[in-house]
Amino acid sequence: MSSAMERYDSIIIGAGAAGLYAAFHAGRRGRRVLLLEHNAKVGAKILISGGGRCNFTNLHAAPDRFISANPHFARSALARHTQHDFLKLIQKHRITHYEKTLGQLFCDGARSAQKIVRMLLDECAAAGVDIHTLYRINSIQRTDRFIVDTMMGPFESETLTIATGGFPIPKLGATGFAFDIAKQFNIPVVETRPGLVPLTFAESDLAWMRPLSGVSADVIARAGKTEFREAALFTHRGLSGPAILQASSYWRKGESIVIDWLPDAAEDALAARKRDRPKAQLKTVLGEFFSERLATAFAEQLPQGALGDMKDATLIDAARKLKAWQLTPSGDEGYSKAEVMVGGIDTNALSQQSMEARAVPGLFFIGEAVDVTGWLGGYNFQWAWSSGWAAGQVI
Ligand code: FDA
């Protein structure tokens with residue numbers, strides 16, 4: 001081992017949300033921290049998040065809004081470093097923000113996500129964190145310390161934190177690095193798949209869906225036992241929009257999803273209209289509930305005719321169909337369109353207090369690389385902050 005090797009207390013790989021957050025919390029404790037990033041810039045996903053305004057947390061963040069093979073794992077970090085703690089930092093940096101909907105907090109102004117990255121970089125600078133970008137990692141070795149060999153030479157540290165995120169959006173620099181390291185150290189991984197991702201459909205469904213591309217509707221989307229009331233959006237490949245993205249994280253290939261297109265109407269809503277509008281065609285009455293394009297598309301798949309000519313039972317069946325419309329996606333749009341990854345480093349292998357690998361003292365995993373996946377709406381950043389903070393207390 002060369003004596004010229006630079007020594008740190010703590011090396012963190014991946015300068016995204018979790019890595020930057022862990023770095024300055026460790027630096028504040030007086031630890032000498034090195035943050036290594038292979039991209040030219042840090043925080044690439046923060047910059048594009050929330051349409052450039054970064055939905056940085058959610059007022060309702062709580063463990064039940066996260067998916068994990070072990071739903072209790074995230075409790076400790078989320079409780080010890082909450083959305084309110086993150087908000088204090090936002091306020092300290094005078095970053096103006098607003099609640100868009102459902103507790104989702106966004107920065108104010110076009111491209112305001114930059115302010116979050118600036119804030120994290122300022123905190124890192126104040127805490128004396130060294131940040132090296134454009135550093136590729138060749139290998140990691142563990143003796144009594146960690147040796148991180150990079151294209152610019154090796155570094156040595158007491159602790160090593162992997163904050164390289166998940167597979168979504170490879171063109172932003174996403175890699176499976178965390179899982180290569182997991183393999184090297186025999187740490188189990190829960191099978192990964194895209195989450196918060198648009199769903200695709202076979203040609204037989206697309207025949208009626210594709211002409212609706214661009215149309216959205218307020219729905220309840222159900223995948224298994226979980227349901228979300230938000231907008232669904234038809235795309236040229238199937239369905240997207242917040243309700244569908246949320247359901248996609250719970251959906252497994254081969255399963256169906258169920259959509260309630262009439263979330264505010266009872267099953268007798270169409271039969272009740274028969275008394276007021278007996279001569280009206282079903283399609284016309286559907287226009288009271290839906291945009292014209294959607295009403296036409298649904299009418300083509302329901303009994304045709306005037307309401308007065310239909311039995312109440314037929315109209316109740318039609319409303320039931322609209323309230324429990326079963327669809328079987330053929331797939332999803334994959335990691336190039338997914339906002340998050342479901343699965344990741346098996347939480348049974350980690351300490352829920354510190355994120356340290358139980359079998360490899362000194363090795364930590366934080367952020368999206370871990371098998372904790374948030375709902376849409378600022379939850380995934382909150383997990384990055386909470387897990388980064390938890391590691392930052394000990395690395
Ligand atoms: P993150 O991916 O942020 O950072 C990982 C870092 O590691 C990156 O800088 C990467 O370049 C680096 N890296 C990877 N491999 C490496 C290697 N081999 N060597 C060195 N460095 C390496 N969430 C939310 O709560 N609110 C929102 O508004 C949004 N919006 C949003 C929009 C879009 C388009 C996407 C794709 C995602 C979101 N998200 C989101 C999700 C959120 O961005 C995501 O969950 C967090 O960024 C995860 O933070 P991490 O720090 O774990 O990974």
Close side-chain approach of Thr159 to Phe364, heavy-atom, < 4.5 Å: yes

Short side-chain to backbone donor-acceptor contact, Asp276 and Arg273, under 3.5 Å: no

Aromatic ring pairing Phe56/Phe86, orientation class (parallel under 30°, perpendicular over 60°, tilted between): tilted

Can Leu233 be reached from Phe289 by stepping across I, L, V, M, F, W or Y side chains whose heavy atoms are under 4.5 Å apart? no

Judged by atom type as modelled, is there a donor-acceptor pair below 3.5 Å linking the side chain of Thr164 to the main-chain atoms of Phe177? no

Check whether Ser248 reaches the backbone of Leu196 with its side chain - one donor and one acceptor, N or O, closer than 3.5 Å. yes

Do the side chain of Lys274 and the main chain of Met310 share a donor and acceptor less than 3.5 angstrom apart? yes

Let's go through Thr235 and Ser213 carefully: what are the C-alpha distance in whole Å and the side-chain angles of both, what is the deciding distance for side chain to side chain donor-acceptor pair (under 3.5 Å) to 0.1 Å, and is it a yes or a no? CA-CA 4 Å; Thr235 70; Ser213 182; 6.0 Å; no

Between Phe185 and Phe146, what is the ring plane arrangement, given parallel below 30°, perpendicular above 60°, and tilted in between? perpendicular

If you define the side chain from C-beta out and look only at heavy atoms, does anything of Leu206 sit under 4.5 Å from Phe234? no

Least distance between heavy atoms, Ile95 atom then Cys107 atom: CG2-SG, 4.0 Å

Could you check whether any side-chain heavy atom of His38 comes within less than 4.5 Å of a side-chain heavy atom of Leu134, counting everything from C-beta outward? no

Does the side chain to side chain donor-acceptor pair (under 3.5 Å) test come out yes or no for Thr133 and Glu37, once each step is laid out? CA-CA 5 Å; Thr133 55; Glu37 166 62 50; over 6 Å; no

Is there a salt bridge (Lys or Arg N to Asp or Glu O under 4.0 Å) between Glu300 and Lys283? Walk through the geometry before answering. CA-CA 8 Å; Glu300 281 167 7; Lys283 180 186 150 190; over 6 Å; no

Please tell me if the side chains of Arg145 and Arg7 come closer than 4.5 Å, counting only heavy atoms from C-beta onward. yes

Strictly distance-based, threshold 3.5 Å: is any side-chain N or O of Arg210 a donor or acceptor partner for the main-chain N or O of His236? yes

Intermediate values then yes/no, ring pair (Phe, Tyr, Trp, His ring centres under 6.0 Å), Phe179 and Phe167: CA-CA 10 Å; Phe179 311 112; Phe167 291 110; 5.4 Å; yes

Does Val215 reach the side chain of Ser291, with side-chain heavy atoms less than 4.5 Å apart? yes

Side chains of Trp325 and Val219 in contact at under 4.5 Å (non-hydrogen atoms): no

Once the angle between the rings of Phe381 and Trp385 is folded into 0 to 90°, is it parallel (under 30°), tilted (30 to 60°) or perpendicular (over 60°)? parallel

Would the distance check show the side chain of Glu230 and the main-chain N or O of Ala243 forming a donor-acceptor pair, the cut-off being under 3.5 Å? no

Can you give me the closest heavy-atom contact between Ala223 and Trp251, atom names plus distance? CB-N, 4.2 Å

State, yes or no, whether a side-chain contact exists between Pro188 and Asn348 at a heavy-atom distance under 4.5 Å. no

Basic-acidic side-chain contact under 4.0 Å: Asp260, Lys323: yes

Is there a donor-acceptor pair under 3.5 Å between the side chain of Asn55 and the backbone N or O of Ser49? no

Asp122 bridged to Arg118 by N-O distance under 4.0 Å: yes

Please check: side-chain N/O of Arg29 versus main-chain N/O of Gly392, any donor-acceptor pairing under 3.5 Å? yes

Lys183 vs Asp180, test: salt bridge (Lys or Arg N to Asp or Glu O under 4.0 Å). Steps then yes/no. CA-CA 5 Å; Lys183 196 167 173 198; Asp180 298 338; over 6 Å; no

How about Trp261 and Phe298: are their ring centres within less than 6.0 Å of each other? yes

Do Val190 and Val370 belong together in a cluster built from hydrophobic side chains that touch within less than 4.5 Å? no

Are the charged groups of Glu123 and Lys92 less than 4.0 angstrom apart, N to O? yes

Are the side chain of Gln246 and the backbone N or O of Leu376 linked by a donor-acceptor pair below 3.5 Å? yes

Answer with yes or no after comparing the ring centroid distance for Tyr379 and Trp383 against a 6.0 Å cut-off, counting only values under it. no

Does the side chain to side chain donor-acceptor pair (under 3.5 Å) test come out yes or no for Tyr98 and Asp108, once each step is laid out? CA-CA 6 Å; Tyr98 65 102; Asp108 213 359; 5.7 Å; no

Does the side chain of Asn138 come within less than 4.5 Å of Met151's, by heavy atoms? yes

Residue pair His81, Gln393: steps toward the side chain to side chain donor-acceptor pair (under 3.5 Å) verdict: CA-CA 11 Å; His81 195 77; Gln393 305 312 298; over 6 Å; no

